[in-house]
Amino acid sequence: MIKIWGRRSAYNVQKALWTIGELNLPYEHINIGGNVGGLDQADFLAMNPHGRIPVLVDGGFTIWESNSIIRYLCATYSQNHLWAELPTRRSLAERWMDWELATFQPDFLALFWGFYRTPEALRNDQDIQHSSERCQRHFNLLDAHLASQRFLAGDEFTMGDIPIATSLYRYFNMGIQTPEIPNVRRWYDELTKRKAYRENIMIPFDELYGRQTF
Ligand SMILES: N[C@@H](CCC(=O)N[C@@H](CS)C(=O)NCC(=O)O)C(=O)O
């Protein structure tokens, strides 16, 4: 039985839970992190020395880093569906996963923390503007890419969609101005029809509003 550690409101945990849902895998969830704490406990640090969630254990094997967890789950359980065996085809998905981690997520989290998780009186409008503009550039780029295909790696849903699309529900609902991105909207609308997306990503996040601690 797969075990996954991490609070359901955490962006990176949501990616892993969504993947588990897509693959219809039975799992045990251990709520940890945020106001529940526990990430500094010795038994948790023995699994992930970085003290971060998510952590996944499958058959006694431990994995940390959300995108590595997605790759592991899809390679092991998706029967060539979300994970392409052919390296060239798989690279079409993997580039978006790496881009999400290295480029997109730092700007998206700067916006989410600067705007949504900072109490209004403490917000730095200039920083928010800066990260909002950077996010708009990323979303415009995604919009152009999605003009000619249904999903990020082609016309089928793959693991490459998961990391970036995890941000969409919050981006469209956190109360900031978003650019005209009809192709991203169409992609999002399509994802909202997926049960696993609705159950793991489209969940209220107002408990995080104005809360600067994890
Ligand atoms: N690059 C790591 C980042 C892990 C990370 O920073 N996770 C956050 C939640 S999104 C965390 O552990 N926060 C501490 C907490 O929730 O208490 C990954 O993708 O797994």
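Whatever order the structure lists ligands and atoms in, that order sets their numbers, starting from 1. Values in this document were obtained by computation on a predicted structure and should not be read as measured data.
In this structure Arg8 satisfies the side chain to side chain donor-acceptor pair (under 3.5 Å) test together with Tyr27, sequence neighbours excluded. Applying the side chain to side chain donor-acceptor pair (under 3.5 Å) test to Gln41 and every residue at least two apart in sequence or in another chain returns nothing.
When only modelled atom types and interatomic distance are considered, Glu94 and Asn67 share no side-chain donor-acceptor pair under 3.5 Å. Between His145 and Gln149, the side chains place a donor N or O and an acceptor N or O closer than 3.5 Å (distance only, hydrogens not considered). Side-chain N/O atoms of Ser66 and Lys15 include a donor and acceptor closer than 3.5 Å.
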Mind listing the N or O contacts between ligand 1 and protein, cut-off under 3.5 Å?
| residue | atom | partner | partner atom | Å |
| --- | --- | --- | --- | --- |
| ligand 1 | 1 (N) | Glu65 | OE1 | 2.9 |
| ligand 1 | 1 (N) | Glu65 | OE2 | 3.1 |
| ligand 1 | 6 (O) | Arg52 | NE | 3.4 |
| ligand 1 | 7 (N) | Ile53 | O | 2.8 |
| ligand 1 | 12 (O) | Ile53 | N | 3.0 |
| ligand 1 | 16 (O) | Arg7 | NE | 2.8 |
| ligand 1 | 16 (O) | Arg7 | NH2 | 2.9 |
| ligand 1 | 17 (O) | Gly34 | N | 2.8 |
| ligand 1 | 19 (O) | Asn12 | OD1 | 3.3 |
| ligand 1 | 19 (O) | Glu65 | OE1 | 3.4 |
| ligand 1 | 19 (O) | Ser66 | N | 3.4 |
| ligand 1 | 19 (O) | Ser66 | OG | 2.6 |
| ligand 1 | 20 (O) | Ser66 | N | 2.9 |

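Among residue pairs with one or both ends in residues 51-87, those qualifying as ring pair (Phe, Tyr, Trp, His ring centres under 6.0 Å) are His50-Trp64; sequence neighbours excluded.
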